[in-house]
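This report concerns only the one structure given below.
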2 protein chains.
Amino acid sequence: MSAARRPDRDATRPVYVISVAATLVSAHPRTLRIYEDEGLVSPARTPTNIRLYSEEDIRRILWIRHLTRDRGVNLAGVRVLFELEERLGKRILEVLYVEGTRGRDDGPREPAGPEDGPASPGR
Amino acid sequence: MSAARRPDRDATRPVYVISVAATLVSAHPRTLRIYEDEGLVSPARTPTNIRLYSEEDIRRILWIRHLTRDRGVNLAGVRVLFELEERLGKRILEVLYVEGTRGRDDGPREPAGPEDGPASPGR
DNA sequence: CCTATCTTGACAACGTCATTGTCAGGGTTC
DNA sequence: GAACCCTGACAATGACGTTGTCAAGATAGG
């Protein structure tokens with residue numbers, strides 16, 4: 001599983017409908033719609049207006065979940081952080097994970113995000 | 001010394017007691033103590049345990065006020081932002097102000113760099 | 001000495017927020 | 001036709017930010 005190296009399996013490819021996406025991030029569909037209303041994530045839409053989340057969208061949402069649940073940051077804070085990330089180039093948040101995983105064993109392993117390991121939520 | 005031109009006017013010099021500091025940032029003394037409990041600011045203390053805020057402390061607090069009141073960020077978010085700033089070296093927050101002046105010109109001249117700029121919140 | 005201000009700790013009120021949940025009326029998918 | 005999606009609304013729950021006060025004691029300055 002998780003063998004995604006096919007070119008056609010782009011992480012930006014919209015594939016998950018909201019119920020699946022919600023399951024993937026352990027949140028209520030309602031919550032995902034709220035994130036979208038708040039401008040924190042922008043899933044693609046089918047020609048008939050159905051939301052489709054890509055792998056990147058999922059990762060971005062996992063960032064939001066991490067920041068809000070583990071760090072106690074509210075959505076306004078998440079917005080500022082994303083805004084900052086967008087302005088300062090890329091992954092500045094990744095720096096947080098190094099500390100977020102508490103424990104000083106400088107393991108070169110992946111920051112171990114909520115699940116797969118966060119990658120910059122570039123939209 | 002490599003210090004500023006005037007040791008007497010060092011921005012790190014502790015001078016304001018809590019009531020004065022509270023007035024300067026338009027907050028209740030209680031609020032400043034909370035900021036300290038949250039580890040967001042660390043004013044110096046006299047040998048007899050009285051809090052003394054420096055100009056830098058004041059600026060740091062003004063940042064907190066701006067982020068919380070104008071941006072809606074909670075204290076947990078402020079903590080993450082400060083942490084990020086500390087880790088990424090310099091004033092990353094300053095970037096926010098460039099955009100912060102967009103939309104509503106709330107331009108809080110106080111917090112940002114009316115004098116020297118955010119001057120990394122230091123500790 | 002006296003009075004104002006400081007200290008910590010507790011408790012509370014007020015408004016806001018994050019999240020989940022549901023109900024409605026209607027469209028889409030298979 | 002059943003299961004899912006859409007938007008919009010309303011609400012409950014728990015937590016947070018800020019201000020405010022009360023207490024009992026230490027400190028500063030005239």
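The analysis underlying the following values was restricted to heavy atoms, covering all of them including side chains, and did not include hydrogens, waters or symmetry mates. Convention: sequence-line order gives letters A, B, ...; per-chain numbering from 1.
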Given atom [atom1] of [X] and atom [atom2] of [N], what is their separation to the nearest angstrom?
| X | N | atom1 | atom2 | value |
| --- | --- | --- | --- | --- |
| A:Ile34 | D:dG8 | CD1 | C1' | 13 Å |
| A:Asp70 | C:dT19 | CG | P | 12 Å |
| B:Glu36 | C:dT7 | CD | P | 8 Å |
| A:Leu67 | C:dA18 | CG | C1' | 14 Å |
| A:Leu40 | C:dC17 | CG | P | 14 Å |

Just the atom pairs and distances: protein N or O near nucleotides 26-28 of chain C's N or O, under 3.5 Å.
unit_1: C:dT28; atom_1: O3'; unit_2: A:Thr48; atom_2: OG1; d: 3.2

Charged N-O contact under 4.0 Å between B:Arg60 and B:Glu85: no
By side chain to side chain donor-acceptor pair (under 3.5 Å) - contacts of A:Thr68 (at least two apart):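 By the side chain to side chain donor-acceptor pair (under 3.5 Å) rule, A:Thr68 matches no residue at all.
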Side chain to side chain contact (heavy atoms under 4.5 Å, CB included) with [X]: which residues, sequence neighbours excluded?
| X | result |
| --- | --- |
| B:Thr46 | B:Thr48, B:Ile50, B:Leu52 |
| B:Arg45 | B:Glu36, B:Asn49, B:Arg51 |
| B:Ala27 | B:Val25, B:Thr31, B:Leu32, B:Arg65 |

Sugar-phosphate only, base, or nothing, as touched by B:Ile18 at under 4.0 Å among non-hydrogen atoms: sugar-phosphate
Show me the donor-acceptor pairs, under 3.5 Å and distance only, between side chains in residues 17-24 of chain B and residues at least two apart or in other chains.
unit_1: B:Thr23; atom_1: OG1; unit_2: B:Ser19; atom_2: O; d: 3.0

So which protein N/O to nucleotides 20-23 of chain D N/O distances come out below 3.5 Å?
unit_1: D:dG20; atom_1: O6; unit_2: B:Arg30; atom_2: NH1; d: 2.5

Set of residues satisfying salt bridge (Lys or Arg N to Asp or Glu O under 4.0 Å) with respect to A:Arg79, sequence neighbours excluded: A:Glu38
B:Arg45 or A:Leu32, whichever maps to the more 5' nucleotide of DNA chain C: B:Arg45
Full working for side-chain contact (heavy atoms from CB on, under 4.5 Å) between A:Glu55 and A:Arg13: CA-CA 7 Å; A:Glu55 206 60 60; A:Arg13 182 160 242 137; over 6 Å; no
Partner of A:Leu75 under side chain to side chain contact (heavy atoms under 4.5 Å, CB included), chosen from A:Leu67, A:Asp37, A:Ile64, A:Val80: A:Ile64
Rounded distance (nearest 0.5 Å) linking atom CH2 of A:Trp63 with atom CD of A:Glu94: 8.0 Å
Side chain A:Asn74, main chain B:Gly72, donor-acceptor under 3.5 Å: yes
Phosphate contact (D:dC6 OP1 or OP2) by A:Arg33 side-chain N/O below 4.0 Å: yes
A:Arg79 side chain near C:dC17 phosphate (N/O to OP1/OP2, under 4.0 Å): no
Between the protein and nucleotides 12-17 of chain D, list every N/O to N/O distance that falls short of 3.5 Å.
unit_1: D:dG17; atom_1: OP1; unit_2: B:Leu75; atom_2: N; d: 2.9

From C:dT7, D:dC6, D:dT19, nucleotide with atom closest to B:Asn49 side chain: C:dT7
